[in-house]
Amino acid sequence: MSLQFNQSDFTVSYAGEVILLLPKEYALLHYLAEHPNQAFTRDDLLDRVWPLEDVTDRTVDDHIYRLRKKLKRWGHRLTLDTIRGHGYRLHVKAQPSAAYPSLHDQELWESMEKVLHRFHLFGQGEAMLLLASQQQALGLQFPAAYRLQFLIETGNIRGVLETDRFSFGQKAYVLLHQYYLLDFDGEPSLRLYQRALEQDPFLFPWQYREFYHLSLVHVLIQTGRVEQALERLQETWALVKREEMHGFVTPVTLAEFYAYFRAGDDLRAEAKLQAVEEQLRQHPYLRETGAYHIAKGLWLLRQGQRQEARRQFTEGLDILRQSKFFSALLYGFHHLIYYLNHSFDDADLAAMFNKQWAKLKADYELEELRPQIERLLEANLFPN
């Protein structure tokens, strides 16, 4: 069963119906939904949902009672069960696949895959997540690559770490990205990236291609290996032209901007920004538009245009939030925070966006989960 959670207003939706929850009700249901059909004691739930608060078992019972009333309309699909002598579980009822002939319709799935691909290209994560939440109603089951992507784009990093539905090879791509986006040194990420490429743990060919030709470029730039990054980008451009990968054009141009920006070559950096502007006039994709505003803000800040830079940063982050692509929002924050902290002497501006970054990390437990990500990557990429 696919529940769609929206932390901005503490709502959860299923099959077009939306339920408004209180913040702790939301947190409790979200945790139970991440572990369907698994029983938890009251202490387990207190530690997870109320970790720093002085509350009692009665608090859990009261929240379960209220959640049961609100979830009653979905009782045919899920129930909050009391496990006598233990605690509670969210029981998700199986639904027979025979009820959906669409599961076996290849033509329908191929059409749906094209729709998903287009929404992904446009940066309309909300549309993709809406489709994902309605898989049951549509009678579709998305492939592993999409199911894993949906976990990431909703910020459910814990779910990626804890699920056993995906192999390490399937998880490696997204976990390496998550690790890099929390790593402002760059050298630890470079070590892991290079090892991953040596082992080729990726299940999906497109992941390897994007990882090799684009993701690693940003790590090379951050660690000061600009010449290596530019050489790799030449290979990337050759691939883009050979395979007509139009969706790569703007991300690659933005990568070139960061290479020249890191090298202090403002003329070439500005030229790349102008190229991105022209590309976005033709294809105003949301993720690339948000990323562009952050890049432009950094360039303006270097030119001394502080107020306009701040406006660009804010607009860029707002657009990335609108896209509902959690990974794109992390990328935006990563570039912004890295350069504000390492390339500029503006304590007030740095404090403003570092505060936003700290809140995002806290909301999604990113610092708490980072050691788990690192342990999993180390254990699989550098086995004894």
Side-chain angles (χ1 to χ4, degrees), residues 1-50 53 55-105 108 112 126-142 144 146-148 150-151 153-156 158-160 162-166 324:
M1 181 179 182
S2 298
L3 296 175
Q4 186 176 11
F5 290 87
N6 189 338
Q7 191 170 16
S8 65
D9 59 3
F10 301 111
T11 58
V12 59
S13 59
Y14 170 68
E17 291 185 294
V18 179
I19 294 175
L20 176 63
L21 303 176
L22 297 174
K24 288 301 182 181
E25 293 172 351
Y26 177 93
L28 177 58
L29 181 60
H30 194 280
Y31 183 67
L32 291 171
E34 288 178 337
H35 306 84
N37 303 317
Q38 182 176 341
F40 293 96
T41 66
R42 291 175 175 83
D43 285 342
D44 291 335
L45 297 175
L46 285 171
D47 289 343
R48 184 65 188 85
V49 182
W50 295 269
E53 300 177 45
V55 294
T56 66
D57 289 355
R58 181 67 182 175
T59 301
V60 178
D61 297 339
D62 289 344
H63 280 72
I64 291 289
Y65 173 76
R66 292 199 298 270
L67 273 176
R68 277 180 177 151
K69 292 180 66 176
K70 293 182 179 182
L71 297 174
K72 191 173 182 180
R73 70 183 70 176
W74 298 335
H76 63 293
R77 294 305 324 281
L78 59 79
T79 55
L80 271 172
D81 296 343
T82 299
I83 309 301
R84 188 176 297 277
H86 186 78
Y88 300 104
R89 71 171 180 179
L90 181 68
H91 176 54
V92 179
K93 303 174 183 178
Q95 188 152 328
S97 60
Y100 297 105
S102 53
L103 282 170
H104 312 290
D105 190 308
L108 177 60
M112 182 60 67
E126 188 170 13
M128 293 183 67
L129 295 172
L130 180 61
L131 285 173
S133 71
Q134 303 304 319
Q135 287 181 78
Q136 295 273 351
L138 294 170
L140 294 171
Q141 183 173 357
F142 295 165
Y146 282 107
R147 297 200 301 272
L148 185 59
F150 292 141
L151 285 176
E153 301 309 351
T154 55
N156 189 1
R158 183 181 294 277
V160 175
E162 295 181 354
T163 183
D164 57 4
R165 291 182 295 168
F166 306 102
K324 298 295 184 181

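As a basis for the values below, the full set of heavy atoms in this structure was taken, side chains included, without hydrogen atoms, waters or symmetry mates. Please read all numbers here as calculations on a predicted model, not as lab measurements.
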From [X] [atom1] over to [Y] [atom2], what is the distance, rounded to the nearest 0.5 angstrom?
X     : Y     : atom1 : atom2 : answer
Thr79 : Lys72 : OG1   : NZ    : 13.5 Å
Leu21 : Thr11 : CG    : OG1   : 8.0 Å
Leu90 : Asp81 : CG    : CG    : 8.0 Å
Arg89 : Leu32 : CZ    : CG    : 11.5 Å
Arg77 : Leu71 : CZ    : CG    : 13.0 Å
Ile64 : Leu28 : CD1   : CG    : 4.5 Å

For residues 30-45, which residue pairs qualify under salt bridge (charged side-chain N to carboxylate O under 4.0 Å, His left out), counting only residues two or more places apart or in two chains?
Arg42-Asp61

Taking the side chain as every heavy atom from C-beta outward, state whether [X] and [Y] have any atom pair closer than 4.5 Å.
X     : Y     : value
Tyr88 : Leu80 : no
Leu78 : Leu3  : yes
Lys70 : Leu29 : no
Val60 : Trp50 : yes

Within the distance-only criterion (no hydrogens, no angle test), does the side chain of [X] pair as donor or acceptor with the backbone N or O of [Y] below 3.5 angstrom?
X      : Y      : answer
Lys24  : Val49  : yes
Lys93  : Gly75  : yes
Thr154 : Leu151 : yes

Stepwise, does the side chain to side chain contact (heavy atoms under 4.5 Å, CB included) test hold for Ile19 with Arg73?
CA-CA 10 Å; Ile19 294 175; Arg73 70 183 70 176; 4.0 Å; yes

Residues at least two apart in sequence or cross-chain that pass side-chain hydrogen bond (donor to acceptor under 3.5 Å, both in side chains) with Asp164, listed by chain then number, are none

Counterpart residues, salt bridge (charged side-chain N to carboxylate O under 4.0 Å, His left out), relative to [X] (two or more places apart):
X      : answer
Asp62  : Arg58
Arg68  : none
Arg158 : Glu162, Glu365, Glu368
Arg66  : Glu25

Is the Tyr31 ring parallel, tilted or perpendicular to the Phe40 ring (thresholds 30°, 60°)?
tilted

